[in-house]
Amino acid sequence: MNKNKNFILALDQGTTSTRAILFDAQGRPVRSHAMGLRQIYPANGWVEHDPGEIWQAALACARVVLKGMEAGDVAAIGITNQRETSLIWDRRTGTPLHNAIVWQDRRGAGRCAALKTRGLEAAITRKTGLLLDPYFSATKLEWLLENVKGLKKHDLAFGTIDSWLIWNLTRGKVHATDVTNASRTMLWNLKTRDWDDGLLKLFGVPRAMLPEVRESRGDFGQCDPMLLGSAIPILGVAGDQQAASFGQACFKAGDVKSTYGTGCFVLVNTGKAVPKSRNRLLATALAQKQYAIEGSIFIAGAVIQWLRDELGIMAGAPDSEAMAKRARPAEGLYFVPAFTGLGAPYWNPGARGAILGLTRDVGCNEIVRAALDAVCYQTRDLLEAMRRDMAAAGLSRLRALKVDGGMVANDWFCQRLADLTGLPVDRPVVTETTALGAAYLAGLGAGLFRNQQDISARWALDRRFRPAMKKAERERLYQGWLRAVTQVQ
Ligand code: ADP
């Protein structure tokens, strides 16, 4: 190993921002730079991003964090990205042919409903591990192929955001994606680990336009030396939630991580066999030929944003901690934040939010507490479904929950999560686990980290929150939550 090459550049392209973080050989973040990303809303329920803006921001952020570095200082680049977001471009010119269609975009809802009516969901789930929903790439790509004018003139390339960044970093030399991103397209078969010809036919996608699928810890070419001053190899790529799972060192079957940002994503590693959820969770690919069961909650930190921005009952999200501490018990008060319907395991797009059990003594503090409680109860909903799936797969019981994301800075929330789920909640020192996961993947490839044990050894606990609530009380409160959820559906 070249002694000088002691840093890894992680590019983290998210839904609302693009970031570059430089990690040292110990896996510590040493520099970072972020830029916001414009959200484009062309119609009700449609969300787009400008691919040119994404690439320029990634390049600009990388240049900021590499400023003053020598050409040989950086051993590798790792990429992590918002998943499912889809775009097409011309291979000859590299020009995008439309804005990228973002994961949140619902324009494929009608098409998904029609496919469900034809009874195709079970077969699609068997192949891809996904449920028939416009969230995934297939109906986005189908829409682009049907609606963008003049496509016949072009030599088409499709990509999720990772492919788009790789293409640009290598100046069109490499058109590739990784298994974790491929597994969110609804075109990739979890068992054969290849694009699925039946699905390509169903969605009208020519195989020739698809990227080559490589392992997350793999060789994705080198960035053009003109871009960042030297030809740095791209050695790790993973979708954001899978990268977070890697960054949390969830390497063993049964390891589970839960990320609390705008929404919440819980992934449990299920090992080398393709899992099957009987409880309407998703099956998805992890790095290193492993798989996971995944559950998502649409509204987590977003409920705090709503209380701050729409109701104006706090100045900043961190105020929620002191307010929750001051709250009176307010027995029977429940906040169901189903602003955009309910995700796993309910999957009810028609549900809407409600605050139930209001009494005269309920004020802002109590409402804030009920909102934080809701994120804990929804986590328990996912864990209950996961427990059933894990038992069916012969996996042992969950031992602890590794958490990360913006909300876990809130100690009160972490303790409450332990109390209401009955599991110890482990908060690591580095909560930037998404970028860290991409850096670990790339660093393994570059020889900065020896193996997974080496990475596991670096995982450092900041604090463990142990359940302190009596079981009877936990169950009584949870039954109240289940009744509240029934009332909004
Ligand atoms: P994303 O990556 O989805 O943009 P982050 O991981 O940056 O999200 O987390 C930001 C979210 O966390 C916001 O929704 C914010 O409301 C919430 N949040 C941030 N700090 C706190 C806090 N101390 N207590 C509760 N929620 C918080």
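In listed order, ligands and their atoms are each counted from 1. All figures in this text were calculated on a predicted structure; none of them were measured in a lab.
Ring geometry for Y377 versus W481: interplanar angle under 30°, hence parallel rather than tilted (30 to 60°).
Residues L477 and Y334 have side chains in contact (heavy-atom distance under 4.5 Å, counting atoms from C-beta outward).
Every residue meeting the side chain to side chain contact (heavy atoms under 4.5 Å, CB included) condition with Y41, not counting sequence neighbours, appears here in chain and number order: Q39, V47. With sequence neighbours excluded, the residues forming a side chain to side chain contact (heavy atoms under 4.5 Å, CB included) with R387 are E384, L423, listed by chain and number.
For the pair R458 and F449, the cation-pi test (distance below 6.0 Å, angle within 45°) is failed.
The salt bridge (charged side-chain N to carboxylate O under 4.0 Å, His left out) pairs that include a residue from residues 8-17 are D12-R19, where partners are two or more places apart or lie in different chains.
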Close N/O pairs between ligand 1 and protein, under 3.5 Å:
{"from": "ligand 1", "atom 1": "3 (O)", "to": "T262", "atom 2": "N", "distance (Å)": "2.9"}
{"from": "ligand 1", "atom 1": "3 (O)", "to": "T262", "atom 2": "OG1", "distance (Å)": "2.7"}
{"from": "ligand 1", "atom 1": "6 (O)", "to": "G406", "atom 2": "N", "distance (Å)": "2.9"}
{"from": "ligand 1", "atom 1": "9 (O)", "to": "G406", "atom 2": "N", "distance (Å)": "3.4"}
{"from": "ligand 1", "atom 1": "14 (O)", "to": "G301", "atom 2": "O", "distance (Å)": "3.1"}
{"from": "ligand 1", "atom 1": "14 (O)", "to": "Q305", "atom 2": "NE2", "distance (Å)": "2.7"}
{"from": "ligand 1", "atom 1": "16 (O)", "to": "G301", "atom 2": "O", "distance (Å)": "3.0"}
{"from": "ligand 1", "atom 1": "20 (N)", "to": "G406", "atom 2": "O", "distance (Å)": "3.4"}
{"from": "ligand 1", "atom 1": "24 (N)", "to": "S320", "atom 2": "OG", "distance (Å)": "3.2"}
{"from": "ligand 1", "atom 1": "24 (N)", "to": "N410", "atom 2": "ND2", "distance (Å)": "3.1"}

